[in-house]
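By convention in this document, chain letters (A, B, ...) are assigned in the order of the sequence lines, proteins followed by strands, and residues within each chain are numbered from 1.
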Protein chains: 2
Amino acid sequence: MSSRGRPVATSHAQIEAAAFRLFAERGFESVTMADIAAEVGVGRRTLFRYFESKNDIPWGQFASTLDGFRAILAETPDDVPLAEAVQRAVLAFNEYPADAYPPHRDRMRLILETPALQAHSVLRYAEWRAVIAEYVASRCGLLPTDTLPRTVGSVSLALAISAYEGWLAVPDSDLATLLDETMASLRGYLS
Amino acid sequence: MSSRGRPVATSHAQIEAAAFRLFAERGFESVTMADIAAEVGVGRRTLFRYFESKNDIPWGQFASTLDGFRAILAETPDDVPLAEAVQRAVLAFNEYPADAYPPHRDRMRLILETPALQAHSVLRYAEWRAVIAEYVASRCGLLPTDTLPRTVGSVSLALAISAYEGWLAVPDSDLATLLDETMASLRGYLS
DNA sequence: CACAGTAATGGCACTCGACGCCAAAAAGAT
DNA sequence: ATCTTTTTGGCGTCGAGTGCCATTACTGTG
């Protein structure tokens, strides 16, 4: 009952793979949606049914990973101090199996080093920040739009991006370690 | 010797004024560059010589205000603790004369509430963050790309935006107070 | 097997931002 | 009056993104 009508011609994964291949060859800016469509062997119009925009392709299925993020936070015992709970969740969210390492690195490098994608990221990150804000709000009996939850969301994001930048700059560095170091840096700065 | 050739047909200020008028009427997205050009009474092509992109119009002269920001930091005595020096500079940078209040508020509201501008802002903020990173680096004997300077830049920005969001949400609130409160929130969260 | 129902595809046309190119306009200088 | 300089603005082009709609390729039924 679910497989009626014309079958799909491609998939998110296939488009992503083709796109990354071309991005690696020619750079993000000089690859057009028409190029990607041709590479996949599908109509240009169809690409826009799989990804809202060219900028969204490097993000893959990010939105659906946010449920996992919410779950991680929800499972955290309430006796864990708030800041530690958030920090642990951020660490867990960014843990990837070893075999996903090079693709994840390529993806993050592309996102963090391409101006158009840096800009677009804000919109994607907004949902991520909201997940943190909602958690902080629920633990503190506040609204997600109150100062503390909003601020923790923004600052956590800033720290995570900062850590990722270090991770990309230093080969073979460990993201978890860098996240902790970045947090420690901030604590040192504020005291 | 400086005023040869055909005289200019408009100015940044005039374009900005016309653009804001239209944005207020119809919203940012539904105003085209052609609309603005017509409102100013100038060719569409000319607009792109005054502003790199439509997204840059709301930013006005931001880039040139960064020199002021640098100056504020440079003038801070070295015996002021680092975090306080940065916080003070951020406050000073965001102090506007009372008569510039409504336009500044409109500008910030537009920037912070329009998705396309939120995204574009990252690119503008990068220079702002760099100013802070350079200051922190010089005070600590580090490189601007090291973890601490970069992190302080990112976090300061996150706090400033968070404060601005509160400022826009609550009529008649004081930005300086909100900046301090946001910073206090963060300190409370981390301790 | 033919035929209805269904859902994805992809071509076409269009809007809009952005950019390169270049002739025309409008001044000052000689 | 002519030369030089500088800005203007029209034209053409590219690429992202969208609405529209006929076409395609399935599934299920009689």
Side-chain angles (χ1 to χ4, degrees), chain A residues 1-16 18-20 22-23 25-59 63 110-111 114-124, chain B residues 1-16 18-20 22-23 25-60 110-111 114-124:
Chain A
M1 51 174 281
S2 57
S3 63
R4 308 235 331 219
R6 178 172 173 167
V8 297
T10 181
S11 66
H12 287 86
Q14 197 190 340
I15 294 172
E16 248 181 85
F20 271 91
L22 294 178
F23 294 158
E25 274 174 28
R26 277 180 267 162
F28 182 79
E29 304 290 359
S30 41
V31 174
T32 71
M33 286 299 264
D35 293 336
I36 301 171
E39 179 82 4
V40 177
V42 88
R44 191 183 96 98
R45 189 65 184 78
T46 299
L47 284 196
F48 286 101
R49 293 212 179 81
Y50 283 78
F51 292 94
E52 277 186 30
S53 72
K54 182 183 170 188
N55 288 338
D56 280 307
I57 296 179
W59 283 92
L110 187 64
I111 290 174
T114 305
L117 294 177
Q118 286 170 21
H120 182 74
S121 299
V122 183
L123 307 178
R124 291 278 81 92
Chain B
M1 56 175 276
S2 57
S3 64
R4 289 190 44 169
R6 177 171 173 168
V8 298
T10 183
S11 65
H12 287 87
Q14 197 191 341
I15 293 171
E16 246 181 83
F20 270 91
L22 295 177
F23 293 159
E25 273 174 29
R26 277 179 268 161
F28 182 80
E29 304 291 358
S30 42
V31 174
T32 71
M33 286 300 264
D35 293 336
I36 300 171
E39 179 82 3
V40 178
V42 88
R44 194 183 97 99
R45 189 65 184 76
T46 300
L47 285 196
F48 286 100
R49 292 211 178 82
Y50 283 80
F51 292 94
E52 279 186 29
S53 70
K54 182 184 170 188
N55 288 337
D56 279 306
I57 296 180
W59 283 91
L110 188 63
I111 291 174
T114 306
L117 295 177
Q118 286 170 19
H120 182 74
S121 299
V122 183
L123 307 177
R124 291 276 83 88

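- Here C:dA26 is the nucleotide among C:dA26, D:dA16, C:dT9 with the atom lying nearest to any side-chain atom of B:P7.
- Between the CD atom of B:E29 and the P atom of D:dG17 there is a distance of 13 Å, given to the nearest Å.
- Between A:Y50 and the phosphate of C:dA8, there is no side-chain N or O to OP1/OP2 separation shorter than 4.0 Å.
- The CG-P distance, from B:L22 to C:dC16, rounds to 14 Å in whole Å.
- Distance B:D35 CG to C:dG17 P: 8 Å, rounded to the nearest Å.
- Using a 4.0 Å heavy-atom cutoff across all strands shown, A:T46 reaches at least one base atom of the nucleic acid.
- In this structure, B:R4 places its CZ atom 17 Å from P of D:dT8, rounding to the nearest Å.
- Side chain of B:V42, nearest nucleotide from C:dT9, D:dT18, D:dG9: D:dG9.
- Atom P of nucleotide D:dT13 and atom CZ of B:R44 are separated by 15 Å, given to the nearest angstrom.
- Heavy-atom distances to DNA chain C give each of B:M33 and A:G5 a nearest nucleotide, and the one nearer the 5′ end belongs to A:G5.
- In this entry the distance linking CZ of A:F48 with P of D:dC21 reads 20 Å, nearest Å.
- The side chain of A:V8 has C:dT9 as its nearest neighbour among C:dA18, C:dC16, C:dT9.
- In the set C:dA7, D:dT7, D:dG9, D:dG9 carries the atom at the smallest distance from any side-chain atom of B:R49.
- As judged by a 4.0 angstrom heavy-atom cut-off over every strand, B:F51 is placed among residues making no nucleic acid contact.
- Counting heavy atoms from C-beta outward, A:D56 and A:Y50 have side chains that stay 4.5 Å or more apart.
- Taking only side-chain atoms of A:R6, from C-beta outward, the nucleotide of D:dG10, C:dA26, D:dT23 with the closest atom is D:dT23.
- Between B:R49 and B:T10 there is no side-chain heavy-atom pair separated by less than 4.5 Å.
- The side chain of B:R45 lies closest to D:dC11 when the candidates are D:dG15, D:dC11, D:dT27.
- In this structure, CG of A:N55 is placed 6 Å from P of D:dG17, rounded to the nearest angstrom.
- Counting non-hydrogen atoms under 4.0 angstrom, B:G43 reaches the backbone sugars and phosphates but no base.
- The side-chain heavy atoms of A:F28 and A:N55, taken from C-beta on, include a pair separated by under 4.5 Å.
- Residues B:V122 and A:H120 have side chains not in contact (no heavy-atom distance under 4.5 Å, counting atoms from C-beta outward).
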Tell me, with the steps shown, if A:K54 and A:L47 meet side chain to side chain contact (heavy atoms under 4.5 Å, CB included). CA-CA 9 Å; A:K54 182 183 170 188; A:L47 284 196; over 6 Å; no

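- Which of D:dG9, D:dT27, D:dG17 sits closest to the side chain of A:K54 comes down to D:dG17.
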